[in-house]
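In what follows, a single structure is set out as structure tokens and then discussed.
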Amino acid sequence: MDRRDFFKISALTGATAALDSCGKPERQLIRFIPEEDLVPGVATWKPSICTLCPAGCGLIVKVMEGEAEVVRNGKLGLMPMGLAKKLEGNPNHPVNQGKLCPRGQAGLQLTYHPDRIKTPLKRSGERGSGEFQEIGWDEAIKELAAQLSALQSSQESASLAFLTSPLRGQRRELVERFLAASGAPRPTEWAFLDDAVLRRANQLSFGRPQLPTFDLAHANYVISFGADFLGTWNSPVAQSIAYGEMRQGRSGRRAKFVMVEPRVSLTGANADEWISARPGTEGVLALGVAHVIIGEKLRPASGAGGPAALIEGWPQGLPDFSPDLVEKRTGVPAATITRIAREMAGHEPAIAMIAGAPLAETNGLWSAMAVNALNALLGSVGQPGGVLFTPDSAAAPPKPSQASREGLPQPLQALAQQALSGRPNPVKALLVHDANPVFASPPAWRIREAIENVPFVASLGSFLDETSILADLILPDHSPLESWLDDVPESGTMQLAASVAPPAMLPLHSTRAMPDVLLDIARQLGGPLSAALPWKSFDEMLHAGFVDLGERLGTTNAKGADDFWKKVQAQGGFWATETKLAAPKDPNSVGRAKAVAPSDPQFQGDEQGYPFYFLPYASQMLYDGSLAHLPWMQETPDPLSTAMWGTWVEINPKTAARLGIRQGDLLEVASQHGKLRAPALIYPGIAPDVIAMPIGQGHESFTRYASTRGANPISILAPLTEPETGSLAWAATRVKISRVGEGKLTLFGGGLSRFPHEIETR
């Protein structure tokens with residue numbers, strides 16, 4: 001029965017019973033008693049945390065009284081309750097300072113989505129068929145506990161795997177404790193855009209395995225190697241605020257911004273100068289700039305610091321990276337390299353950053369190390385207007401427990417091979433939380449086949465997607481607005497920040513928060529699990545963690561613990577009142593013994609048979625595809641192409657003319673691992689030998705708004721990786737294209753938006 005029928009019946013009968021045409025009772029209707037105190041017509045703003053990307057922005061949620069369809073004790077009815085009406089940025093949060101991007105605004109739709117899973121489900125048909133039957137929570141918890149108990153009884157706890165999106169804060173601590181006490185391996189974390197390469201480079205260079213925070217507001221010169229920092233990378237809102245200060249916030253002074261990338265991104269469209277270098281040669285270009293600075297003595301030699309010692313040839317002045325040699329490798333004119341080097345050295349403080357496609361090459365780690373060394377040479381590391389790191393102070397909750405384990409999680413492809421081969425031990429039970437690797441990984445990794453090979457799979461998610469549809473049991477999570485949330489932002493602020501927020505509204509459906517499900521399982525299984533997780537609920541764990549934080553920082557004592565807890569809840573977290581610049585550590589104490597040798601990028605597909613570099617890129621609206629089920633994001637035009645409700649293939653106008661391709665023509669894009677079809681978008685801001693596609697569309701199963709819409713560029717990627725981190729080298733595939741017919745391309749307003757004032761192409 002839909003909402004309209006509910007209101008009709010309520011008006012006629014007082015919501016007591018519905019009658020069919022024969023006058024017989026059809027369905028019992030219930031008007032539930034409110035579960036909270038409400039003030040009609042008065043809005044309340046409550047704190048929360050945005051979960052739609054890794055930035056960790058703070059929210060405030062406008063909550064007002066309304067009447068909603070809810071599920072209580074397995075029954076559907078109407079109940080007056082506080083409903084979230086609008087999301088805005090929390091003005092007191094140090095990351096986003098009251099601002100919020102379009103993706104954050106769309107977070108409201110996670111709660112009210114018509115295709116949310118509303119109650120636990122048990123598979124009733126073949127795996128992948130989407131056939132499930134509704135069950136109660138008692139049965140669902142009993143089923144999951146029985147599966148885990150059987151592994152413990154047979155001493156096969158090492159056969160339990162936990163697959164999740166990257167976790168932070170106390171959710172990460174809870175999952176780590178749960179698995180450690182169970183005797184299971186660490187969780188396998190998967191995100192298509194994971195930044196593991198940059199974290200590793202920063203650990204080697206600076207002793208900080210985290211993403212940097214750039215002090216753009218005080219910089220005078222910025223060069224970005226592929227980092228779309230105003231659009232989709234790292235902490236876009238915080239970086240946009242700082243970028244605005246850099247460009248317009250200082251009277252009489254405007255910093256210069258240079259973008260190096262093969263395709264104009266939203267960030268590149270805001271640059272003073274846009275340069276296209278051959279994919280995978282960005283590190284070479286960075287060292288070409290360093291060569292000029294060293295050779296012309298534009299900076300003191302002591303400015304090189306520790307990171308430079310990790311680059312071969314640095315003590316000799318980088319003889320293999322003269323502008324003439326770099327031009328041959330990158331396609332960037334030698335005169336341009338020399339000019340940029342002089343400009344950077346003459347406009348301190350200067351910043352170089354790298355992210356995105358350059359790090360998604362097989363030589364991504366070396367490229368990142370090269371850019372880190374350039375920053376060290378410029379003297380920008382740990383200085384105002386330079387490269388800094390958000391304090392990750394040991395004071396930030398959670399305090400590391402003995403259950404937490406050091407080291408890198410198992411890569412996704414290694415977990416898949418374990419599930420397929422049974423070595424070193426079989427995977428007999430798999431828990432999946434907020435990750436969809438069946439959609440977001442190359443087909444050669446055989447993720448779908450691996451999951452199908454696991455005897456028992458349980459999903460702790462809110463929607464049926466390509467991965468959760470393979471589950472035997474689904475225990476649906478609350479939406480973020482219905483949940484206790486916490487986060488420790490990795491970047492975007494120069495203050496110690498630990499966010500926390502209670503639910504902004506009561507749950508609509510018969511769902512439970514993932515942390516509370518694990519705590520419930522721990523209580524039922526007892527033994528080491530219940531000892532490692534002594535809390536009755538996740539908010540109790542959060543309370544203990546933040547009280548401990550206050551005591552360790554000296555801001556409270558046992559007597560004032562409750563006041564401190566109330567305060568951090570009210571403002572959305574705890575952050576230091578004074579700015580703290582986190583300087584890097586001595587890399588010699590944490591880095592490798594020998595320097596990183598230069599390496600050329602490897603691509604799958606020979607140049608003759610597959611003449612184009614293939615560039616999948618993060619969508620401004622759909623991100624990595626995890627937001628494709630939100631209709632606001634589907635219908636919002638891409639800010640550069642204006643395309644919407646679909647996918648497209650971007651091609652240079654000269655290349656299109658040579659191949660006889662017109663706007664909207666249906667193209668077939670083929671790699672050695674598959675092929676797809678999508679309409680052509682003639683795009684002047686792309687190199688002639690590059691073909692680009694936004695990530696996000698092409699879902700087989702992901703609600704009514706995303707299923708069977710467009711094409712998935714990940715489905716034709718080569719399985720190459722960056723060797724040290726195991727990260728997918730998603731920019732290392734070559735393709736060929738052909739016109740196969742007429743296509744359909746939906747553009748809003750019928751045209752492309754502005755491009756940089758100066759564009760250099762190879």
Are any of the side-chain heavy atoms of [X] and [Y] separated by less than 4.5 Å?
X	Y	answer
N453	V427	no
L470	V454	no
L464	I474	yes
H478	H509	no
F192	L728	yes
L519	K536	no
L198	L211	yes
L460	V432	no

To the nearest 0.5 angstrom, please state how far the [atom1] atom of [X] sits from the [atom2] atom of [Y].
X	Y	atom1	atom2	value
L87	C57	CG	SG	12.0 Å
Q413	T721	CD	OG1	6.0 Å
S462	I117	OG	CD1	7.0 Å
L52	S626	CG	OG	7.0 Å

Would you call the rings of W484 and W565 parallel, tilted or perpendicular, where under 30° means parallel and over 60° means perpendicular?
->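 It falls in the parallel class, under 30°.
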
Salt-bridge criterion met for [X] and [Y] (N-O under 4.0 Å):
X	Y	answer
E134	K122	no
E452	R446	no
D472	R127	yes
E490	R172	no
D520	R512	yes
E722	R200	no

Can you find a side-chain donor-acceptor pair between [X] and [Y] that sits under 3.5 Å?
X	Y	result
S468	D465	yes
S499	D487	no
T390	T213	yes
T111	S479	yes
N436	T467	yes
W233	D195	yes

task = Go through the structure and list residues passing salt bridge (Lys or Arg N to Asp or Glu O under 4.0 Å) with E131, not counting sequence neighbours.
result =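 Expected list: none.
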
If you compare all heavy atoms of A84 against all heavy atoms of Y112, which two are closest, and at what distance to 0.1 Å?
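Where A84 meets Y112 most closely, the heavy atoms are O-OH, 2.8 Å.
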
Quiz item: Only one of H113, H629, H699 clears ring-ring contact (aromatic ring centres under 6.0 Å, His included) with Y705; which?
Solution: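 Among the candidates, only H113 passes.
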
_For residues 413-423, which residue pairs pass the salt bridge (Lys or Arg N to Asp or Glu O under 4.0 Å) check, not counting sequence neighbours?_
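Listed by first then second residue: nothing to list.
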
Original post:
Judged by atom type as modelled, is there a donor-acceptor pair below 3.5 Å linking the side chain of R168 to the main-chain atoms of P54?
Top reply: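 Checking the backbone N and O of P54 against the side chain of R168, a donor-acceptor pair under 3.5 Å is found.
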
Problem - N90 side chain vs Q571 backbone, donor-acceptor pair below 3.5 Å - result: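 Yes; at least one donor-acceptor contact below 3.5 Å.
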
Output, in order, the C-alpha distance, side-chain angles, deciding distance and verdict of side-chain contact (heavy atoms from CB on, under 4.5 Å) for V500 and F574.
CA-CA 8 Å; V500 68; F574 171 85; over 6 Å; no

*Answer with yes or no after comparing the ring centroid distance for W445 and W190 against a 6.0 Å cut-off, counting only values under it.*
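Ring centroids of W445 and W190 are less than 6.0 Å from each other.
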
Next item on the list: Apply side chain to side chain contact (heavy atoms under 4.5 Å, CB included) to P424 and list each qualifying residue two or more places apart in sequence or on a separate chain.
Entry: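 So P424 forms a side chain to side chain contact (heavy atoms under 4.5 Å, CB included) with Q418.
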
Q: Please step through side-chain contact (heavy atoms from CB on, under 4.5 Å) for the pair M81 and V70, ending with a clear verdict.
A: CA-CA 10 Å; M81 62 184 298; V70 300; 3.7 Å; yes

Does K118, at its NZ atom, have more than 12 non-hydrogen atoms belonging to other residues, nucleotides or ligands within less than 6.0 Å?
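Yes, NZ of K118 has more than 12 neighbouring heavy atoms, counting only those of other groups under 6.0 Å.
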
